[in-house]
Amino acid sequence: MKTATITSSSPLSQLQLLLLLRRQTDVRTIANHYASQLHLCFPHNPLSYSLARTIHAQMITSGFKPRGHILNRLMDVYCKSGNLVYARQLFDEIPQPDIVGRTTLIAAYSDAGDPKQAREIFDHTPLSIRDTVSYNAMITGYSHNDDGHNAVKIFGEMMADQFKPDNFTFTSVLSASTRIVDDERQCQQLHCAVVKSGTESVVSVLNALVTLYVKCASLLSTSSMDAARKVFDGMPERDELTWTTMITGYVRNDDLDSARKIFDGMTDKLDVAWNAMISGYVHHGCISEALELFKRMKEDGIQYDEFTYTSVLSACANSGLFKHGKEVHGNIIRTEVKPASKLPLAVNNALITLYWKNNEVDQAREIFDKMLERDLVSWNAILSGYVNVQRIEDAKELFNKMPERNPLTWTVMIAGFAQNGFGEEGLKLFNQMRMEGFEPCDYAFAGAITACAGLGSLENGRQLHAQLIRFGFDSSLSAGNALVTMYARCGIVEAAHLVFRTMPYVDSVSWNAMIAALGQHGHGAQVVELFERMLQEEILPDRITFLTVLSACSHAGLVEEGCRYFESMNQIYGITPGEDHYARLIDLLCRAGKISEAKGVIETMPFVPGAPVWEALLAGCRIHGNEELGIEAAERLFELTPQHSGTYVLLANMYASMGRWNDVAKVRKVMRDRGVKKEPGCSWIEVANKVHVFMVGDTLHPEVQEVYSFLEELGVKMRELGYVPDTKYVLQDVGDEQKEYVLSTHSEKLAVGFGLLKLPRGATVRVLKNLRICGDCHKAFKFMSKVVEREIVVRDGKRFHHFKDGECSCGNYW
DNA sequence: ATAGGGTTAG
């Protein structure tokens with residue numbers, strides 16, 4: 001159609017043109033002809049290029065030399081259709097191109113991402129013919145090529161050369177500055193220039209100025225937001241863009257109230273503004289406000305889009321509102337015409353997270369599998385799903401299959417290993433991550449440090465701590481929290497405390513970690529002290545705080561305090577005690593010998609007692625030899641979790657502590673008969689371990705003496721039966737002297753276990769519960785099994801290591 | 001001008 005228009009509206013027919021060309025008389029008529037022909041080439045129209053080539057060819061055959069605006073027009077068409085080379089050829093044929101032609105080519109080179117060429121042409125343009133437009137082209141060019149510094153530099157030259165900037169100049173230079181701003185003074189200087197130039201009522205300029213101040217505020221969190229507000233308030237009219245910029249500015253400055261005021265001040269609220277406000281609430285954890293807006297958005301007749309959905313879905317996923325999240329999902333499916341698999345990528349990614357957080361990994365996987373396109377976020381989302389439900393094998397498989405990875409991928413995986421008792425693999429992955437050139441972030445460090453905590457590997461932990469400081473993450477919250485735990489688990493509460501004290505920011509997780517650290521080391525009084533300080537500093541305790549405090553009270557025999565804290569949970573802090581809390585309370589009462597009270601609690605509990613509660617009762621009965629109740633608890637446990645070997649061990653423990661070895665044997669037989677998977681050869685060691693664990697927490701209890709003598713007896717029994725004492729089983733050497741000996745490393749543990757390290761008589765031995773097998777340990781065990789010709793089985797979290805004749809096989813218990 | 005994936009504490 002365009003071609004038809006062109007031919008019919010041609011001022012000269014082909015015949016006329018040919019005649020004119022042959023005679024070569026009327027150059028002006030020919031020029032006019034070409035001008036009007038070129039006028040029909042719309043720069044961005046794809047047909048224009050071939051038309052321009054035809055016209056150009058005619059010019060050449062007719063010997064017509066284009067100049068002036070005909071030349072510029074032709075260059076423009078070539079540039080806009082992506083044929084810069086032809087444009088440049090034309091340009092080079094002209095002895096003295098004018099400023100319009102130069103500017104055309106400058107803009108074209110900039111658009112093509114070649115600001116160097118643009119700069120060359122500009123530099124060869126004499127100052128006398130430069131104009132504002134050519135400077136603007138340079139500034140815009142640098143700005144679009146993400147080179148803010150040069151854009152600002154050219155602007156400076158322009159000012160120095162006394163050229164007058166216009167609103168285009170400022171819009172460009174301001175947006176270029178936005179990318180490089182690191183000082184409020186830069187904003188103010190530009191602001192002054194705007195006022196001086198008289199463009200301070202042009203909306204696009206003011207908008208760019210607001211954006212600049214807002215960016216400055218988000219970087220430096222200074223008073224720049226106020227400056228932005230002043231410009232904003234003084235604007236003669238505002239477009240939606242400016243409003244939204246202000247909203248996100250306040251959101252990034254954590255000033256949600258001001259953001260909301262701006263939002264409420266908008267008369268015609270664009271969906272983008274709604275989305276910005278909602279996501280602002282979500283990022284600050286104000287879920288109810290976000291959902292409230294989400295609801296009102298619909299009432300106001302604003303269409304949801306994918307941005308709205310993703311924000312809201314992630315809000316639901318992160319706050320446990322799965323039901324609501326699924327309703328939204330249903331809504332999306334109903335209202336969007338597309339099939340579910342064709343939902344926008346980000347929406348599907350948010351859905352994956354929603355489902356796995358609701359323990360529906362398989363549904364999450366289904367969404368993942370059905371997606372027509374996936375990106376790294378999708379892979380990372382499903383990967384964390386598997387990691388978080390402890391399906392570590394699936395996670396591994398996925399990890400190996402991933403088309404690409406980023407630091408986050410590694411972080412998720414490292415944490416997954418660390419949390420599931422595969423500390424060594426976690427550390428290995430951390431190293432591999434670095435070898436493959438990925439910069440670890442503080443979360444990755446936190447994961448690796450947690451791995452060390454699980455392994456009880458102080459050496460690695462310290463190294464990571466040093467690296468952490470070198471990387472500049474020493475003020476990281478999550479890494480700091482992990483360090484507190486690592487040092488505590490490795491036996492150095494003082495170091496844990498030091499980290500805690502020197503952390504610039506702490507949160508409830510840090511407090512919980514520190515309280516737990518003290519609790520694990522039996523410092524009951526200090527636990528209470530720290531907890532009270534936490535309350536004074538108005539940090540709200542959460543359910544984990546109470547779990548920690550309750551078990552610390554239990555270990556330290558602080559019955560009254562424990563009960564009081566339990567009461568306060570609901571009454572003061574509005575936290576409904578869960579089953580875990582009840583189990584801890586029962587444990588607390590049982591250890592203090594208040595078994596009937598514990599029974600009373602079980603009877604009046606607001607829900608049916610489950611395994612953790614009965615287990616606490618059974619453990620209590622074991623200590624106090626309450627056989628009748630102990631058996632009842634064990635029976636309940638056999639009903640609830642018949643395949644859980646812990647119950648059998650606990651029951652055996654109870655009989656063991658009464659010296660009833662025949663009954664212990666009976667329990668072992670029942671366990672075998674029922675096909676309960678037991679740790680090969682380890683049941684007896686478990687008995688010893690349980691007693692030992694009891695010892696670790698209860699060194700202050702009067703029963704300690706009894707335990708000592710029992711252990712001696714048990715040790716003899718074990719040897720008689722041909723079992724190798726576990727490395728933890730070293731207590732028979734301990735006498736009455738009040739000297740404490742903390743085994744914090746594997747090598748120490750090993751040395752003691754094999755009698756290589758003689759403990760002073762009378763030392764109290766504390767082996768940290770969470771010490772696990774590290775590489776060195778492994779080697780030592782292998783060596784020992786070869787030299788001493790013994791079979792050694794060692795438990796390491798959920799895994800076992802079986803050493804025989806210097807060979808080792810490893811696996812999972814369950 | 002707005003969106004989606006992670007971490008630490010028992």
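So you know, we letter chains A, B, ... as the sequences are listed, proteins then strands, and number each from 1. The model shown is predicted, which means the values in this text are computed figures rather than measured ones.
Heavy atoms of A/D305 sit nowhere under 4.0 angstrom from any nucleic acid atom. Here A/L345 lies in heavy-atom contact (under 4.0 Å) with a base. When heavy atoms are screened at a 4.0 angstrom cut-off, A/H581 is found touching no nucleic acid atom at all. Counting any heavy atom pair closer than 4.0 Å across all strands shown, A/R374 reaches no nucleic acid atom. Note on A/K357: only backbone sugar-phosphate atoms sit closer than 4.0 angstrom, heavy atoms only; bases stay farther off. Residue-level contact check: A/L376 touches the bases, meaning some heavy atom is under 4.0 Å from a base atom.
Under 4.0 Å is where a charged nitrogen must lie from a carboxylate oxygen, and between A/D255 and A/K261 no such pair does. Ion pairing of A/E289 with A/R260 is absent here, as no side-chain N (NZ or NE/NH1/NH2) approaches a carboxylate O to less than 4.0 Å. Taking a cutoff of 4.0 Å between a charged side-chain nitrogen and a carboxylate oxygen, A/E366 and A/K370 qualify as a salt bridge. Between A/D369 and A/R365 there is a salt bridge, since at least one side-chain N of the basic residue sits less than 4.0 Å from a carboxylate O of the acidic one.
If you check the side chains of A/S204 and A/N207, you find no donor sitting under 3.5 Å from an acceptor.
With a heavy-atom cut-off of 4.0 Å to chain A, the contacted part of DNA chain B has its first and last nucleotide at B/dA1 to B/dG10.
In this structure, the ring of A/F322 has its center no less than 6.0 angstrom from the ring center of A/Y355.
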Verdict with reasoning, A/L458 to A/Y487, per side chain to side chain contact (heavy atoms under 4.5 Å, CB included): CA-CA 7 Å; A/L458 182 61; A/Y487 279 122; 3.9 Å; yes
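For DNA chain B, the residues of residues 261-272 of chain A within the heavy-atom distance limit of 4.0 Å (strictly under) are A/L270, A/V272, sorted by number.
With sequence neighbours excluded, no residue forms a side chain to side chain donor-acceptor pair (under 3.5 Å) with A/D300.
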